[in-house]
Asker: 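The structure that follows is given in the form of structure tokens.
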Amino acid sequence: MDIEKIQVIDDEGNELEFDVLFTFDSEETGKQYVLYYDSEAEEPQVYSSIYTDEGELFPVETPEEWEMIEEVFNSFVAEEELEDEE
């Protein structure tokens, strides 16, 4: 996925636009993941979904996947902090 914004339909059927933080592929699960956030929010929250090459989004369902996503996110944050220090 090589885009900067995505549209997500919430539980009430509203189309919301989010900024893509980053994407990654997992060899372990064979799935592609996207992490995204609302840059307009006062305190942005990061969300994650599974995505397909066709641009479809699916919820992350297992605790193991959430744990893996959290590890990847924490590595991303640590790298960003190191770059900011340089």
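The basis for the numbers below is simple: all heavy atoms, side chains too, and nothing from hydrogens, waters or symmetry mates.
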Asker: If you define the side chain from C-beta out and look only at heavy atoms, does anything of Pro44 sit under 4.5 Å from Asp38?
Answerer: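 Side-chain contact under 4.5 Å: no.
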
Asker: Measure across Gln7 and Leu57 and return the closest heavy-atom pair with its distance rounded to 0.1 Å.
Answerer: O-CD1, 4.3 Å

Asker: List the steps and the verdict of side-chain contact (heavy atoms from CB on, under 4.5 Å) for Glu67 and Thr62.
Answerer: CA-CA 9 Å; Glu67 191 173 303; Thr62 68; over 6 Å; no

Asker: So does Asp10 get a backbone contact from the side chain of Asn14, meaning a donor-acceptor N/O pair under 3.5 Å?
Answerer: no

Asker: When you look at Glu65 and Lys31, which way does the side-chain contact (heavy atoms from CB on, under 4.5 Å) test go after all the steps?
Answerer: CA-CA 10 Å; Glu65 282 180 296; Lys31 298 175 184 174; 3.2 Å; yes

Asker: Hey, is CD on Glu40 packed in by over 12 heavy atoms from elsewhere, all under 6.0 Å?
Answerer: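 It does not: Glu40 CD has 12 such atoms or fewer within range.
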
Asker: Say whether Leu16 and Phe58 are linked into one hydrophobic cluster, either directly or through other cluster members, by side-chain heavy-atom distances under 4.5 angstrom.
Answerer: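 No, Leu16 does not connect to Phe58 through the hydrophobic network.
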
Asker: Within a strict 4.5 Å, meaning less than it, do heavy atoms of the Gln32 and Asp53 side chains meet?
Answerer: yes

Asker: Is the centre of the Tyr51 ring less than 6.0 Å from the centre of the Tyr33 ring?
Answerer: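 No.
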
Asker: Do Val60 and Val34 share a hydrophobic cluster (ILVMFWY, side-chain heavy atoms under 4.5 Å, transitive)?
Answerer: no

Asker: Students often mix this up, so state it plainly: with edges at 30° and 60°, are the rings of Phe18 and Tyr47 parallel, tilted or perpendicular?
Answerer: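 Correct class here is perpendicular.
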
Asker: Does Ser26 use its side chain to pair, donor to acceptor, with the backbone of Gly30 at less than 3.5 Å?
Answerer: no

Asker: How long is the span from the OH atom in Tyr36 to the OG atom in Ser48, to the nearest 0.5 Å?
Answerer: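 These two atoms lie 7.0 Å from each other.
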
Asker: CZ of Phe22 to CD of Glu79: how many Å apart, nearest 0.5 Å?
Answerer: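 Reported to 0.5 Å precision, the distance equals 9.0 Å.
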
Asker: Surrounding CD of Glu17 (heavy atoms of other residues, nucleotides or ligands, distance under 6.0 Å), is the total greater than 12?
Answerer: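 Yes, enclosed.
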
Asker: Taking the side chain as every heavy atom from C-beta outward, state whether Thr23 and Leu35 have any atom pair closer than 4.5 Å.
Answerer: no

Asker: If two hydrophobic side chains count as joined below 4.5 Å and joins carry through other members, does Phe24 share a cluster with Val20?
Answerer: no

Asker: Mind checking the CD-CH2 spacing from Glu70 to Trp66? Nearest 0.5 Å is all I need.
Answerer: 10.0 Å

Asker: Answer yes if Ile6 and Tyr37 sit in the same cluster of Ile, Leu, Val, Met, Phe, Trp and Tyr residues linked by side chain heavy atoms under 4.5 Å apart, and no otherwise.
Answerer: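 Different clusters: Ile6 never reaches Tyr37 through Ile, Leu, Val, Met, Phe, Trp or Tyr contacts under 4.5 Å.
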
